[in-house]
4 protein chains.
Amino acid sequence: MIFCGIDDSEFIRGKVPMTKQEIRIITLTKARIAPSDVVYDIGAGTGSISIEAARIAHEGRVFAIEKNPDGVSLIKENMKKFQVDNVEVVSGVAPDALDGLPGCDAVIIGGSGRNMDDILDIVHDRLKLGGRVVLNCITIQTISSCLEYLRAHPDEFDYEAIQVQVNRLKAVGPYDMADAVNPIYIVTATKKG
Amino acid sequence: MIFCGIDDSEFIRGKVPMTKQEIRIITLTKARIAPSDVVYDIGAGTGSISIEAARIAHEGRVFAIEKNPDGVSLIKENMKKFQVDNVEVVSGVAPDALDGLPGCDAVIIGGSGRNMDDILDIVHDRLKLGGRVVLNCITIQTISSCLEYLRAHPDEFDYEAIQVQVNRLKAVGPYDMADAVNPIYIVTATKKG
Amino acid sequence: MIFCGIDDSEFIRGKVPMTKQEIRIITLTKARIAPSDVVYDIGAGTGSISIEAARIAHEGRVFAIEKNPDGVSLIKENMKKFQVDNVEVVSGVAPDALDGLPGCDAVIIGGSGRNMDDILDIVHDRLKLGGRVVLNCITIQTISSCLEYLRAHPDEFDYEAIQVQVNRLKAVGPYDMADAVNPIYIVTATKKG
Amino acid sequence: MIFCGIDDSEFIRGKVPMTKQEIRIITLTKARIAPSDVVYDIGAGTGSISIEAARIAHEGRVFAIEKNPDGVSLIKENMKKFQVDNVEVVSGVAPDALDGLPGCDAVIIGGSGRNMDDILDIVHDRLKLGGRVVLNCITIQTISSCLEYLRAHPDEFDYEAIQVQVNRLKAVGPYDMADAVNPIYIVTATKKG
């Protein structure tokens, strides 16, 4: 089995938006997930990140939090397809949906709605020292709120942030032509001691 | 141990250019390396890709081909630092330096000088069916030669190519300001049956 | 005389940061400056935008507002070099420095410090109907504040915003290699009637 | 009248691809067109560049070379709409279509098909000393051929090249989300004496 980096086309997706492979792999890498880790995947969508996280944390557990019922079904279908059994799907909205979950080693936030501050407060409580939260932000408002929170909590988290843009080359007759993919901000926050 | 994605700052580098983490991880992912694979890393530089490939292919072997003596030393230092013993450093220039190496499951080409066609010919011979060559191209001439070769060999390889650009956010007082990193083309060629 | 688009190297710059040609020309275009317009250039820096705006508004006037004394000197030197006499340099900080200036047809904001809301309030008062404010934002905080203001004032302004990234190809021996320039957000707000 | 930078939505376009405003304005700027210049626009498409060039060269003439009959009609419609009468539409393919045209001060090449070398040879003959050719390249093969030609003709042309990528922010409810536009290479070659 390949360690990581399933092709986008292999996931069952429906109409639910999915993190693209290149972004998914950078996100998972930044989260520094270890084999026995407990991982939260907040705003799990199709479950593409949960599935890959579960294969990396093959002796651990992944909690996939998703509010959209279509998403919840897709995650379950993808678990079956990829024969992953260490993902627990939590139907609901964070931070409420995090109630009762165990402490965690890594958190990935793909969608936070408007509750980012509350989510980050709780995630900080749950996260082990040195554990990482990785956020994917596709809007100016989300990256901005995220940085505002992290700047207001310098004793709780260190952070780094990048913007990544991918252009795919598309073959058109004898030519290879760039086809742009929307850029995304990836923020990595590490819990301080 | 984390599966993949060592921080750039952890590698010993000297003045040898190094593939940045985000590009390294996408490159390794596209190569689809399995635990017992034999991997060539052509133009290995500091060995950052070889080291990570060797940790993924922990039951396999990585051949790090590098012509620059400073690079050769750095690879050995990094192997020691990361306690990796399944990298074999080959001092020389591809394609000649590939003489006598065993067949392989994946190839990463970070630097090809002006011998890209010859290298790809030999790599094709050595590679298993379905095996992948991933090339990092930072110049127009290199991406162009690479695509020209692949278009001239439609029965030998399928390919996809992307351009990736990363901007790092740098904290300057109360602001987070984008700091651009040079973009790179990543080509993935899969050997056809 | 060329209509617009002076080369970066022709401006006298010292150590003051300067908007790069490609960004400058997009910014000036979005401002839709007409020959007899009155233009404010807030945070004028080296005066590169003021000089070009003054050549477009050759029957009008440009007010170059700049707080940094080095910048003020540079603007005057560049005016002399480019033989432009319809720029009036205002030494000070907006919004205070805008006191006593006449109404205007277009506004360019290269630097707003932390006073963006106050500046946009006053600029709205001064601007003619259909007049445009173009803002160059290099930080997440600035683009975010700018969008927050514009979303809070839907009856005052329409807006569009873009991010622009330029990579220069640098010749290195037989190769052309991308050299990244930091990206920038350009917001264009049009005063509604 | 505004000096330059017509909004994309103002042009009549049909299904013919059109250079976007930001790219158009950079291209026109790099061409350094003066009021009485003769300009060739090779691969004129909808005529958006020809129309703007004709307004800058208001005492000169623009030759819009276009092979596609739909394009030819659109250029004429756009000339009527923007009341531009100093564009001459040449229906045909460069370099043949350039036969009989007068010498020129600036050339813009939006589309060259596979005849780039021949076109650049003839353009060099026609162009005044110090005159500029600006090429928009959307494929790896085109930018590559273009650089190959220019590197093979160091006594004929100096050149610079950039890649430009624009992301538009799209308002989606309370959020502004990046919407990527395909990147483009812009090459500027200046005829040497």
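As the structure is a prediction and not an experimental result, all values here were calculated from the model. Protein chains get the first letters and strands the later ones, always in sequence-line order, with residue 1 at the start of each.
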Output for pair (D:Asn182 CG, A:Arg168 CZ), nearest 0.5 Å, gives 12.5 Å
Closest-packed option against chain A by number of heavy-atom pairs under 4.5 Å, given D:Val181, D:Ile140, D:Asp176: D:Asp176
For D:Gln165 and A:Ala180, which heavy atoms make the closest approach, and how far apart are they? NE2-CB, 3.5 Å
Would you find more than 12 non-hydrogen atoms of other residues, nucleotides or ligands less than 6.0 Å from A:Lys80 atom NZ? no
In this structure, are over 12 heavy atoms from other groups packed under 6.0 Å from D:Glu59 atom CD? yes
Atom group of A:Leu169 that falls short of 4.5 Å from chain D, counting heavy atoms: side chain
Looking only at heavy atoms, what is the nearest atom pair of A:Met177 and D:Thr139, with distance? CE-CG2, 3.8 Å
So for atom CD, which belongs to A:Glu148, do other residues, nucleotides or ligands contribute more than 12 heavy atoms lying within a distance under 6.0 Å? no
Can you say whether A:Asn167 sits under 4.5 Å from chain D via the side chain, the backbone, both, or neither, judging by heavy atoms? side chain
Evaluate whether atom CD1 of A:Ile138 has more than 12 neighbouring non-hydrogen atoms of other residues, nucleotides or ligands under 6.0 angstrom away. no
